[in-house]
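Side chains are part of it too, since the values below use all heavy atoms of this structure and drop only hydrogens, waters and symmetry mates.
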Amino acid sequence: MTQDFTSRGGRRKFLAGASALAGASALGFPALAQKARPEKEALKFGFIKLTDCAPVLIAKEKGFFEEQGLFVTLEAQANWKVLLDRVISGELDGAHMLPGQAIGATIGFGTQAEVVTPFAMGLNTLAVTVSNEIWAQMKKNIPQQGGKPAHPIKADALKPVVEQYRAAGKKFNMGMVFPTSTHNYELRYWLAAGGIHPGLYSPSDISGQIGGDVLISVTPPPQMPATLESGTIYGYCVGEPWNQQAVFKGIGVPVVTAYHIWNRTPEKIFGMRKDFTEKYPRTTVAVTKALARAAMWLDEGNGKNRPEAARIFSKREYIGADYEVIVGPITGVYQYEKGDTRPLPEFNIYFNNHASYPYYSDAIWYLTQMRRWGQIPEAKPDAWYLDVAKKVYLPGVYLQAVKELVAEGKAKESDFPMKSDGFRGSQDGFIDGVVFDAKKPSEYLSKFKIGLKGNETVKPRS
Amino acid sequence: MEKVLRVFAGLASGDPRERLRAIWLTVGVPAVAIAAFLWVWAESAARVQTSLGAVPGPVQVLSQARSLLEDHVAERAKQAEFYRRQEARNEQRLAEDPKAEVTIHKWTGKPTFVDQILTSLKTVFTGFLFATLVAVPLGILCGSSRVVQSALNPMIQVFRPVSPLAWLPIVTLIVSALYVTSDGALFEKSFLVSAITVTLCSLWPTLINTAVGVTSIERDLINVSRVLQLAWATKVRKIVVPSALPYIFTGMRLSLGVGWMVLIAAEMLAQNPGLGKFVWDEFQNGSQESLSRIMVAVLAIGIIGFLLDRLMLGLQHLATRG
């Protein structure tokens, strides 16, 4: 019955509830905390078959949702578009989501809707894979180190191949998973860092291929290997296990992972409709608590739970790929080619390095990339970037959730950035060496050779 | 049909040679053919290497079918455990506060293969029921009135060949627009989308057959009704429907067959729960067992389709005899 409150006054109720709870836990009255039950207990969440949806799967399988009084049904979605539409229409109460989807929806790029996130999901989970044919040509341009290609592999090695194809009048097609996906931005970042123009968006042409040396288009993650195999695309950027699967199937070679493109790439978020979080504030906090518990479990004891996690992921209703394909990337081992397996410890991080805290600076990085490639057609003042970030990312709810976990003895306060201002500080670790300072987005954009900066706009293709 | 009857006659006949031949035809030949099919399958499957490994043979498929059934049993056990946990929780809540409102939430686990078969059957019968309810009356109108017939004919001819894949986006959008779900909704949106798509595609055979059946009623019968000055409703009930019944049932049988095929395609494309989604999910999973599971689904779809057809045939016999 409590589910039928209108959203009016929800915000106020939420704040009141939050302060009452904070007080209760500080004074050690767990009974009071128990009283504030989730307003909505039966929930349906969506996910895409990728390893970075891990916290959602684990929260369900290890009973963290039920521990919070939530009864959650999980449903794999066909592609990111379907997932976003179903969150917005209310068929899904929340989902494993691309940060760019929530941000894009909020600023009205693509679908217009208010989607927010109290929880970030995973650092460094994607990779770029090219077909065997392209790899054979690329390999010649890569210096060798100990009989193996030297890492990181830059797009410089791909550039002559692309030029050859273009000279022969052939289109060089590549795949990514959604226009506002992390994969789109990272693929573009990698290509541009190697001097390959990935193409621009304009308000009248949202193909994202204006002036591009390569033509990048959308394919759903699980279909990437099949699309590569059929020769429709020469390479793609996607999360795991779909790069590893290309290796196992013998159809392609991952050349670079998020670790090398930008170490600590914030990959996914848990997205919910804004009105949902206002109408069901306790549910929102409970979901965040369950996800935080799951993220902790995943990174606990130096990854001791990861093999068990891989078993869970390989169930057919979850990610469904073979255990052998999934286990590598989440236990710090990555197979680039058959016979070229290397350690990659900083891959698929869910909790360490504050991976689950929804930093404003993460949102701002996405906004800079949207501006860089023309999805935001005009220059914006620096303050605008932070305003949008604050609309979408809710570190306040996250902190509320972890404070409760700390009070319940389920988490250590020192594991969380309790005093953070929502910025990770100036960040390096990018493949081109450019440093990102989220407080100066416009200045950051001016550092790139390829891409929009300052007041530049895209002229429609003639 | 006649051949089958002759075989049965052979079985009943006293001549031992006739009887042997009949047994050979009903049991022996199909058994040999199936064995040959399985042999060719097993031999050729291993030779085709896909990116998911060799194509599975009958043995792998059978073992996969067994594991899907075991999975179903295991999932049911988990489900029972889930409800027990909820009851315990509710009891505790009531103990803390006797006035607390307690609810039992529905099982949140995955649908098993058996669940997906049941969902598909439910959907196809719903769609088929809608289709019959629309097609039979419309067919009777078409058959009994020249005017209605020439009015509807062009539309029937245009819409009949449209594939489910073309209807699906339209149905999805319209259902989303008109059917606003809340938590306690009677149907899932996806269920309605698939059922309506089935209706739109399986409508036509029944409609056309009914119309043909009605037009080919013997003139004598119509004349009798004229002489008796039967009311229109009585005429339809006493004369038109009984004489057109064999046609109507043939149409319905075709419709159900079409509906079943359409449903699998619709579920696959729209990600609606059911066998079609099972197939698509497995394709996306791309694990080494995926191909065998898809083959289990293909066989299940075929066998169910066959049983549905037999069911309709049985109903037809019943209806036309009675």
* Structure fact -> So the side chain to side chain donor-acceptor pair (under 3.5 Å) pairs with at least one residue in residues 69-79 of chain A (sequence neighbours excluded) are A:K44-A:E75, A:E75-A:Q77, A:E75-A:R86, A:Q77-A:R86
* **Best-contacting candidate, A:R316, A:E317, A:K315, A:K49, against chain B by heavy atom pairs under 4.5 angstrom** => A:R316
* Structure fact -> Cut-off 4.5 Å, heavy atoms of chain A, and the answer for B:P273 is neither
* A:Y236 (side chain) donor-acceptor with A:W242 (main chain) under 3.5 angstrom -> yes
* To do: Under 4.5 Å heavy-atom distance to chain A, tell me which part of B:L68 shows up: side chain, backbone, both or neither.
  => side chain
* Contact part of A:E66 toward chain B, heavy-atom cut-off under 4.5 Å: side chain, backbone, both or neither? -> side chain
* Structure fact -> Residues passing the ring-ring contact (aromatic ring centres under 6.0 Å, His included) test with A:H96, sequence neighbours excluded, are A:W80
* To do: Would you mind checking which part of B:K277 comes under 4.5 Å of any heavy atom in chain A, side chain (CB onward), backbone (N, CA, C, O), both or neither?
  => side chain
* Taking B:Y83 for the side chain and B:W107 for the main chain, is one N or O donor matched with an acceptor at less than 3.5 Å? -> yes
* Distance (rounded to the nearest 0.5 Å) between B:L203 CG and B:F159 CZ -> 11.0 Å
* Who wins among A:V325, A:V82, A:I319 for the most heavy-atom pairs under 4.5 Å with chain B? -> A:I319
